[in-house]
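What you see below is based on every heavy atom in this structure, not just the backbone, and it leaves out hydrogens, waters and symmetry mates.
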Amino acid sequence: MSRAELFEHFSYTSNHMPTTSQLIRSIALLLIASPLAAAGQSLSPAERRMQSYVEQHVAEQIAFVGRVVDIGSGTMNHAGVRAVGEEFARELRSLGFETRWVSLPDSVKRAGHLFAEHKARKPRKGRRLLLLGHLDTVFEGEGQKWTILDDSTAKGAGSSDMKGGDAVILYALKAMAAAGTLEDTDIIVALMGDEELAGEPFSVSRAALIDAAKRSDAVLAFEEDAGKATVARRGWSSWLLTVSAKPSHSQGIFSAASGYGAVYEAARILNAFRETMAGEQYLTFNPGVIVGGTNVAYDTTLNSGTASGKLNIIPKTVQVQGDLRFLTLEQLHKARSRMREIVATNLAGTSAAITFSVESPPMPPTPGNYALLATLDTVTRALGMGPTEALDPGLRGAGDISFVASYVDALDGLGPVGNAGHTPDETVNLKSIPRATVRAAVLINRLAHTRKASVR
């Protein structure tokens, strides 16, 4: 049956909706008919066995994704996060991994993380790898359950970000085990329980991850496939601007006695940020919330506030909270310095202060990261997927990989293709799941069996 015939065979109208099993079978058949299945001549015998395993277990893998998506695991749903973790722990133990749940102090208010470690049965010849994913989701609830929409799309919380990516890790390892190449590898799997809203302090919530990275040669992360691989991603910091002024009758505004008021001073500062800093590559700064008036109450944790005043009273207070994104710590420090200089030069009758907090470090591009990309490029070419290029760092947000990128070579974006992540409409491209899985299996296998070159 040709690919065109397969598509026609599994095309349905609203009056003839497919069953889940029919849709999964169509995906499996389309995979077998794709260039991926015909690319085996570029692979080693073991890699061809991995490819065959993935092709033969498409239905099983997609069903597994559906099962874990249906377990609600919003970041603050600690029981749900642990339940998803146990689904993966059970499967990883069957592959010879030792699993442990890393609990966090009650003060951190997070569920904890799943770590699984596989140790080589004989001296390893290649790199120790850290495979990174996360168990929590932004949304959860009945409206976020797993729903297959058609032969290429399914919907549900975490379907792509990143329970779909976690399943890519799991089934890539299963494929390696089936091919007989897993037993002589050293691999750590870290599935974090709070990636979407990391617990503080980070020195506690990310301690186990950093320890694993220090014992590894490379980290591979399985956030959604954006069409190109991620060798760098920007860091993220929050900032809080507080402006104060003397409240008085509005008839005196702009005078030496009354001054300009807090709102004009806040407007001056924000516009100066824009005029002096906008356009610098990889640097962005966004004032997300602003409240101002005579009486202001603002909660920096909830990003919510209230303000009141009178139209004939010069406003006393303004608070603005925003984010700052940067590619390197040097860029962050320069941006903060410029922002402080702008804040320090005040309009008459006003004063202002700005504070910063680092929420996530950057993942700068390094020679080691590009070396991982070069290996991935050989994999995708061998699989008939074509070349793989580096993604523009400006197109990636912050992620857990950034916490460890200063310790180890890093590559991200190895999961399936998704859409509308971080929204209630999140979907995953079902056909991309087996493609990402065989790509991951071959990449992990090649890295785990070759020594690291001196490139950092």
Side-chain angles (χ1 to χ4, degrees), residues 44 46-47 49-54 57 60-61 64 68 82 84-103 112-135 162-193 206-222 372 375-376 379 400-401 404 407-412 414-415 436-452:
S44 71
E47 290 168 347
R49 291 195 296 271
M50 294 175 204
Q51 184 181 39
S52 295
Y53 179 91
V54 173
H57 291 80
E60 177 187 304
Q61 183 180 15
F64 179 83
V68 293
R82 291 190 188 97
V84 176
E86 182 51 36
E87 292 289 328
F88 283 94
R90 186 184 307 113
E91 297 288 338
L92 289 166
R93 284 193 293 267
S94 73
L95 296 175
F97 282 76
E98 294 183 4
T99 66
R100 64 188 176 102
W101 187 259
V102 176
S103 297
H113 319 298
L114 172 66
F115 277 74
E117 189 160 353
H118 185 279
K119 296 180 180 179
R121 296 181 181 178
K122 54 185 178 180
R124 59 187 169 88
K125 299 179 180 179
R127 280 165 273 195
R128 173 178 292 222
L129 301 179
L130 172 59
L131 310 181
L132 179 57
H134 66 84
L135 304 166
M162 69 175 298
K163 293 175 182 178
D166 297 337
V168 168
I169 296 174
L170 174 61
Y171 276 80
L173 296 173
K174 284 176 176 279
M176 290 176 63
T181 66
L182 181 63
E183 63 179 18
D184 58 344
T185 62
D186 282 348
I187 295 174
I188 302 173
V189 176
L191 301 182
M192 309 301 286
R206 293 300 175 270
L209 179 62
I210 291 171
D211 174 70
K214 289 179 177 179
R215 295 187 291 117
S216 302
D217 297 308
V219 56
L220 305 177
F222 289 78
L372 292 178
T375 301
L376 177 61
V379 170
D400 271 339
I401 195 171
V404 297
Y407 303 101
V408 65
D409 299 336
L411 191 66
D412 202 348
L414 298 172
T437 304
V438 72
R439 176 181 64 191
V442 177
L443 175 63
I444 294 168
N445 186 68
R446 292 187 179 185
L447 292 174
H449 292 93
T450 57
R451 294 193 181 278
K452 174 186 173 183

Any donor-acceptor pair under 3.5 Å linking the side chain of Glu98 with the backbone of His118?
-> no

Mind checking what makes salt bridge (charged side-chain N to carboxylate O under 4.0 Å, His left out) contact with [X], not counting sequence neighbours?
| X | result |
| --- | --- |
| Asp217 | Arg124 |
| Glu91 | Lys174 |
| Arg93 | Glu86 |
| Glu183 | Arg121 |

Is the Phe88 to Phe97 ring centre distance short of 6.0 Å?
-> no

Partner set under side chain to side chain donor-acceptor pair (under 3.5 Å) for [X], not counting sequence neighbours:
| X | result |
| --- | --- |
| Asn445 | Thr181, His449 |
| Thr450 | Arg127 |
| Arg446 | Glu47, Thr378 |
| Arg82 | none |

Of all residues at least two apart in sequence or in a different chain, which pass the side chain to side chain contact (heavy atoms under 4.5 Å, CB included) check with [X]?
| X | answer |
| --- | --- |
| Ala190 | Phe115, Leu130, Leu132, Met192, Leu209 |
| Lys119 | Glu117, Asp186 |
| Ala448 | Leu129, Thr185 |

ring-ring contact (aromatic ring centres under 6.0 Å, His included) partners for His113, two or more places apart = none

Partner of Leu376 under side chain to side chain contact (heavy atoms under 4.5 Å, CB included), chosen from Leu443, Val442, Leu220 = Leu443

